[in-house]
Number of protein chains: 2
Amino acid sequence: MFTDKEQLERCASDETEDLVYVPELVLQPETVNAVSSIMKYCNEQHIPVTPRGAGTGLSGGALPLLGGVVLDMKRFNKILKVDIRNFQVITEPGVITQELQERVKEEGLFYPPDPASKGSCFIGGNVSENSGGPKAVKYGVVKDYVLNIEMVLPDGEVIWTGANVLKNATGYNLTQLVVGSEGTLGIITKIVLRLIPAVKHDLLLLVPFRNAVQACEAVNKILLAGYTPSGLEFMERDALEWSIRYVKAGGISLPGDIAAHLLIEVDGNDMEQLYKDAEAISQIVQQFDIGEILFADSYEQKQKLWALRRKVGEAVKSNSIYKEEDTVVPRAELPKLLEIIKRIGKEYGFQSVCYGHAGDGNLHVNIVKGNMSDEDWNIKLPKGIRVLFTEVIRLGGTISGEHGIGLVQKNYMDIAFNATQINIMKEIKKVFDPKGILNPGKLFPGKIIY
Amino acid sequence: MFTDKEQLERCASDETEDLVYVPELVLQPETVNAVSSIMKYCNEQHIPVTPRGAGTGLSGGALPLLGGVVLDMKRFNKILKVDIRNFQVITEPGVITQELQERVKEEGLFYPPDPASKGSCFIGGNVSENSGGPKAVKYGVVKDYVLNIEMVLPDGEVIWTGANVLKNATGYNLTQLVVGSEGTLGIITKIVLRLIPAVKHDLLLLVPFRNAVQACEAVNKILLAGYTPSGLEFMERDALEWSIRYVKAGGISLPGDIAAHLLIEVDGNDMEQLYKDAEAISQIVQQFDIGEILFADSYEQKQKLWALRRKVGEAVKSNSIYKEEDTVVPRAELPKLLEIIKRIGKEYGFQSVCYGHAGDGNLHVNIVKGNMSDEDWNIKLPKGIRVLFTEVIRLGGTISGEHGIGLVQKNYMDIAFNATQINIMKEIKKVFDPKGILNPGKLFPGKIIY
């Protein structure tokens with residue numbers, strides 16, 4: 001039990017903008033029984049409980065808006081069983097995603113979803129936010145790998161949500177309801193993930209485009225031609241440029257006429273086939289106005305390019321106060337989305353740096369404050385974001401692809417859902433958490449359910 | 001509106017055993033508005049409504065247990081849009097699954113999940129039951145393809161459950177809650193499915209084993225070696241023998257010492273690679289005590305073998321009154337499951353024919369009445385099934401992999417879930433359907449919520 005300033009401050013913020021909400025107490029339970037007792041007590045006493053993973057969230061999901069207890073899950077850090085025979089892993093939620101990936105890789109298995117923060121984020125947070133990452137275009141997102149969850153309900157009861165099977169038609173899918181529920185339904189204490197056989201090889205291409213909209217168009221061309229890269233990432237010029245500066249990377253030239261890049265990874269077990277695929281993809285992108293393709297097949301080169309991609313968020317953050325939107329549209333609407341973002345930016349006076357998982361239609365829009373006035377930032381900008389999200393919905397998309405709603409997007413939920421839909425979600429919340437003590441003030445717009 | 005005997009009788013049964021429940025009225029709406037009006041009226045008047053697709057269900061989900069209205073969705077039979085640019089299809093629920101597959105194939109796209117009844121079942125029923133089928137081992141089940149659902153709530157309101165995107169972290173996953181909810185939460189009126197690029201080639205192997213448990217063991221060997229077949233089906237000797245007799249298939253020899261078969265399909269775009277994979281798989285199965293492998297690479301041969309597999313259910317049914325269980329376990333536990341089934345069969349005096357999707361650990365157990373007495377069938381057998389399901393849960397599995405709970409498995413739900421879990425599901429049901437008019441008497445054990 002911690003009430004010292006250092007711990008309270010550590011749990012007062014995550015990676016979301018510059019937000020700070022200080023809890024009254026930080027608890028670090030180590031066992032399911034301890035979590036159960038804490039929940040039971042807090043439920044009886046009507047104390048808000050906000051579960052926290054590694055604090056890498058981008059929507060403020062781990063911030064204790066109403067104070068109360070932060071349930072810091074860092075001591076739930078054991079990989080309980082790698083079940084090689086069944087291609088499954090049973091893990092506690094406080095395991096770092098990359099460590100989980102490396103552990104199962106030792107057994108020839110593969111857990112694909114890896115958010116940019118994979119080196120520090122927890123798998124429990126990934127499950128709570130239904131994270132994606134660059135490999136989703138080929139391998140899907142977190143929800144596609146979660147088979148079963150052990151969770152503690154607010155009244156202290158412990159349940160499993162499903163079974164450790166690949167096919168399940170037994171009752172409502174509580175597992176999928178809990179994935180992406182942002183800590184509002186229960187405290188996740190164990191996760192069963194399905195795995196797939198490890199993939200032996202990959203190749204990486206960095207393709208510079210002179211026109212950013214063409215880069216988005218190329219994405220669909222590649223997929224329509226029957227190629228499914230294991231990564232298909234879009235970066236505006238600024239995104240790559242800022243990242244190069246931030247990580248002080250040498251050896252990557254960025255000619256003045258380049259507007260955007262695609263980072264394209266192909267993977268598989270047959271190296272010869274991969275070279276063929278990379279060649280075919282090169283042919284496809286050459287139909288557009290591109291610069292020289294950088295072809296990476298050494299481990300170091302590939303690591304370097306991926307690091308540049310992964311560090312874009314941090315690089316933008318280090319430059320200016322910012323807001324990060326997590327728009328997602330049906331993939332082919334991506335060029336239209338990019339144009340709309342830039343048009344709205346002009347209209348509402350904000351500069352944006354766009355990048356993200358173009359293969360899934362998931363575009364991160366980093367809006368930098370730069371020299372915007374506080375008034376424009378606080379009053380005019382939210383109106384611009386509202387217009388942007390309305391357009392996203394009109395394109396068949398939605399307001400968060402992989403970061404979750406949490407705190408910072410909740411007041412836009414009415415754009416994505418009408419009152420009936422939101423009411424259904426609120427009623428479901430009540431089924432699990434009738435007193436509203438779990439992560440209050442998140443996900444739902446309007447009056448806080450507590 | 002139909003009240004004539006013929007229509008009432010048609011909607012009084014499905015493919016589940018010999019069960020008959022006659023509705024008072026059959027309605028065949030053609031528009032969402034019509035469904036909305038019907039629901040509103042029935043909700044006000046507290047009239048039970050049971051949605052019905054093609055009536056191919058195996059758990060009694062479409063049977064109007066309390067009479068009332070059968071909402072026959074056969075006129076919702078339009079594929080509304082094949083969105084080639086986004087690899088998506090928007091369809092009404094009353095489209096036959098195979099027709100949907102063929103339509104999207106014309107555009108070079110692929111919707112993999114195909115239950116044995118694909119030639120007659122409706123996609124809406126597949127979504128309601130979260131169907132699987134033989135390709136799930138490589139491509140997943142229905143839930144892995146549903147992006148968004150339009151549904152009519154009991155009060156007549158029409159909602160969409162999500163968005164037409166590949167990644168979604170916006171609120172609770174209502175889409176996945178509705179998939180597999182067996183018509184108890186709302187009436188599905190539109191479905192958005194993601195598609196993948198069509199696969200060009202496939203090859204099929206029929207491998208006879210002298211020992212059925214070894215056939216189950218071989219399944220895991222193949223997958224652990226890094227091969228993921230697009231079909232990995234297990235058939236006990238009886239299953240294949242009865243099917244051969246039923247479809248009057250010639251040209252398939254079944255030596256006396258063969259106890260079971262694996263039907264193994266590999267698919268891909270490179271024929272040369274497929275022959276290599278088939279060869280490698282042949283090598284793996286040759287470590288077991290097998291007969292001569294039948295290698296099918298002509299269209300006719302492949303169709304013939306698949307038809308034999310697909311007709312097993314009908315063949316068993318044509319032989320005797322039967323019950324079909326739909327057990328699923330973590331894949332590696334399959335050999336153990338098969339032994340347990342046979343042991344319990346001996347103990348409780350029933351004969352079973354087992355077959356199914358071994359690649360997913362999903363084994364259908366067809367229990368044939370043969371010359372069991374009615375008393376044993378009605379009283380002793382359910383006790384045996386209870387013991388079987390208890391063992392299935394102990395192995396980490398569950399009681400239905402792809403057929404759903406419906407009517408015939410609901411009284412076993414307490415084996416899979418404790419009171420807390422079932423209560424959560426019941427409360428979720430109430431959120432959508434407070435009066436309990438939708439498909440009453442299904443899925444939940446005990447007192448009917450109505």
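Below, read A as the first sequence line, B as the second, and so on, with proteins coming before strands; counting in each chain starts at 1. What you see is a predicted model, and the numbers here were worked out from it, not measured in a lab.
Side-chain contact between Glu333(A) and Asn86(B) is present, with at least one heavy-atom pair separated by less than 4.5 Å. Considering only heavy atoms from C-beta on, Ile424(A) comes within 4.5 Å of Leu153(B) through its side chain. Counting heavy atoms from C-beta on, the side chains of Asp144(A) and Asp144(B) come closer than 4.5 Å. A 4.5 Å side-chain heavy-atom check between Trp160(B) and Asn418(A) finds every atom pair outside the cut-off. Between Asn362(B) and Val165(A) the shortest side-chain heavy-atom distance does not fall below 4.5 Å.
Chain B forms more heavy-atom pairs under 4.5 Å with one residue of Gly396(A), Pro330(A), Ala163(A), Gly171(A) than with any other, namely Pro330(A). Between chain A and the options Val178(B), Leu443(B), Asn220(B), heavy-atom pairs under 4.5 Å are most frequent for Asn220(B). Most heavy-atom pairs under 4.5 Å with chain A, from the set Ile393(B), Asn164(B), Leu166(B): that is Asn164(B). The most heavy-atom pairs under 4.5 Å with chain A, out of Leu395(B), Thr228(B), Thr398(B), Asp270(B), come from Thr398(B). Heavy-atom pairs under 4.5 Å with chain B were tallied for Gln409(A), Lys429(A), His403(A), Lys410(A); the largest tally goes to Lys429(A). Among the candidates Val142(A), Asp326(A), Leu185(A), the residue making the largest number of heavy-atom pairs closer than 4.5 Å to chain B is Leu185(A).
For Phe432(A), the part sitting under 4.5 Å from any heavy atom of chain B is the side chain, from C-beta outward, and nothing else.
Put simply, the residue from Thr170(A), Thr161(A), Ile159(A) that forms a side chain to side chain contact (heavy atoms under 4.5 Å, CB included) with Phe417(B) is Thr170(A).
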